[in-house]
Amino acid sequence: MLAFLRRNQIFISSCFCLLLSLYILTATARGQIKNEPVGALLMWILRPLQIAGQGTANWIKGFRDHYDTLAGFRSENERLRKRVQTLEIEWQRLLEAEATNRRLQQLLDFRSELPAGAITASIIASSATSWFQSCVLNKGSADGLRKGMAVVTPMGVVGKVVTVTGRTAKVLLLTDPNSGIDVLVQRTRSRGIVSGSLESGTVLKYMKRSEDVQEGDRLVTSGLDNVFPKGLLVGTVIKVRKQNLGLFQSVEVWPAVQAARVEEVLVVAAETEAAKK
Amino acid sequence: MKLFILFFLAGIFLVVLQTTFFHLLPIGPVVPDLILVLCVYLGLYHPSVGAAFGSFLLGYSIDIISSPILGFNAFAMSLVYLAVYLCARSIWLHHPIVSSVVVLLAALIKGATMVLIWAVFLSVDGFWAGAARYVLWEASLAAVLAPLVFALLRRGQNFIDKLTPAAP
């Protein structure tokens with residue numbers, strides 16, 4: 001018996017890992033796993049690395065974008081180019097500081113329009129897999145973040161907090177197929193659900209054929225899901241298709257916020273009816 | 001122990017790489033799955049109980065960062081490790097070019113597993129067309145990058161072997 005176990009120990013431990021994964025999957029799907037220490041520990045280890053990595057990536061992105069605009073200077077002589085590059089690096093630093101300043105000012109202005117208690121956070125990592133559209137924030141339960149809080153920017157809705165550890169929070173983006181936001185068509189007040197889709201970007205679901213939806217219509221949060229405050233921009237309708245059969249029309253949406261371009265966000269809890277009273 | 005530290009650091013490095021720098025690449029929402037390549041490497045060159053648990057933990061770390069439901073990637077990576085380990089036991093798979101093919105097949109196995117688990121646990125409209133696109137893209141990218149990652153890991157391993165004093 002012992003010899004059999006020893007001979008097949010790798011196979012047996014792999015099977016054990018598979019069963020353990022299945023157990024975790026089922027338990028999470030049923031909501032039985034609330035706080036698990038391994039995740040918190042891992043996020044604690046990864047957080048500073050991700051902050052540093054994202055900082056460097058942002059710098060590279062900024063530098064690359066800026067370098068593109070400098071392509072026209074290539075014909076100038078070497079001395080002048082070196083001089084320009086030195087100044088450009090300095091200028092880039094100042095531009096970055098100014099842009100950050102402007103973004104934070106916008107966030108501050110926007111914060112006054114939201115329910116009290118909005119928390120400012122930075123995105124420190126994006127999704128590590130193509131299957132889910134998510135990101136990680138640099139703030140967690142220690143800063144007042146809770147599961148189910150809305151993540152927004154002055155431009156519109158970003159997503160919803162789905163997991164919180166002490167110092168980080170995972171956000172399910174609006175563009176993820178598993179997300180769903182209750183929205184109103186601003187012009188006609190028709191209701192629907194905006195969600196991501198693996199097939200065709202972001203879509204507006206459950207919009208009856210009889211409802212009047214047109215390209216260019218703006219979609220705003222209804223506030224009825226008790227997650228997002230009412231009236232925040234979610235996206236703009238870019239394509240409407242009515243097929244011959246079916247109850248609903250097919251509506252494609254361009255999200256108001258491109259999460260890949262966002263660095264700072266506000267995390268906010270929706271004002272519940274009880275709180276309003 | 002030194003090897004464990006090497007693979008632990010490699011795992012953390014690849015996770016950070018996947019969550020930050022790879023999003024700079026102009027390839028849309030698809031992220032090259034180097035964690036999968038590491039799991040294949042472990043399956044090919046390190047058949048051990050520790051490597052099996054290591055693959056599970058690598059998948060689990062991806063779940064912690066990205067998945068709304070824990071266990072998705074942990075299951076897929078464990079399955080990939082087991083499949084590669086079983087194949088490597090019966091077929092000679094250690095040629096550099098063959099390793100790329102193995103990674104491609106492993107990525108397809110992972111993709112099929114993800115599709116299956118999605119279908120069971122998450123209900124999403126328009127799933128199949130999008131899933132097929134992601135599976136093929138991820139598998140191709142992983143296969144292209146596999147020789148480079150394998151070479152770097154082998155170098156790290158050789159470096160550690162040199163540091164370890166030979167038995168008298």
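Each chain gets a letter, A, B and so on, in the order the sequences are listed, and its residues count up from 1. All of these numbers come straight from a predicted model, not from anything done at the bench.
Ring-plane geometry between A/W131 and B/Y134 is classed as tilted, the angle between the planes lying from 30 to 60 degrees on a 0 to 90 degree scale.
Put simply, the side chain of A/S134 gets close to the backbone of B/S66: a donor and an acceptor are under 3.5 Å apart.
Note that the SG atom of A/C17 and the CG atom of B/L79 stand 11.5 Å from one another [nearest 0.5 Å]. Here B/F56 contributes atom CZ and A/F16 contributes atom CZ; the two are 8.0 Å apart, rounded to the nearest 0.5 Å. A/L46 contributes atom CG, which lies 4.5 Å from atom CD1 of B/I65 (distance to the nearest 0.5 angstrom). The CD atom of B/Q18 lies 8.0 Å from the OG1 atom of A/T129; values are rounded to the nearest 0.5 Å. Within the model, atoms CZ of B/F13 and CG of A/L49 stand 10.5 Å from one another, a figure rounded to the nearest 0.5 Å. Note that the CG atom of A/L18 and the CZ atom of B/F75 stand 5.0 Å from one another [nearest 0.5 Å].
Looking at A/T168, there are no atoms closer than 4.5 Å to chain B (heavy atoms on both sides), in backbone or side chain. Proximity to chain A (any heavy atom under 4.5 Å) is restricted, for B/Y81, to the side chain, taken from C-beta onward. Only the side chain of B/I117 has a heavy atom closer than 4.5 Å to any heavy atom of chain A. Contacts of A/V162 with chain B are absent, with no heavy-atom separation under 4.5 Å from either backbone or side chain. In this structure, chain A has a heavy atom under 4.5 Å from the side chain of B/Y85, while its backbone stays farther away. Proximity to chain A is limited to the side chain of B/L86, based on heavy atoms less than 4.5 angstrom apart.
Sequence neighbours left out, the pairs with a member in residues 30-43 of chain B that pass salt bridge (charged side-chain N to carboxylate O under 4.0 Å, His left out) are B/D33-B/K110.
For A/R209, the CZ atom sits in a packed shell: over 12 heavy atoms of surrounding residues, nucleotides or ligands are nearer than 6.0 Å.
The interface of residues 57-64 of chain B with chain A, defined by heavy-atom distances below 4.5 Å, comprises B/Y60, B/S61, B/I62, B/D63, B/I64.
In this structure the side chain of B/I12 reaches within 4.5 angstrom of the side chain of A/I45, judged on heavy atoms.
Contact count against chain A (heavy-atom pairs under 4.5 Å) is highest for B/S67 among B/S67, B/P47, B/A74.
Nearest heavy-atom pair across A/S14 and B/L82 is CB-CD1, 3.5 Å.
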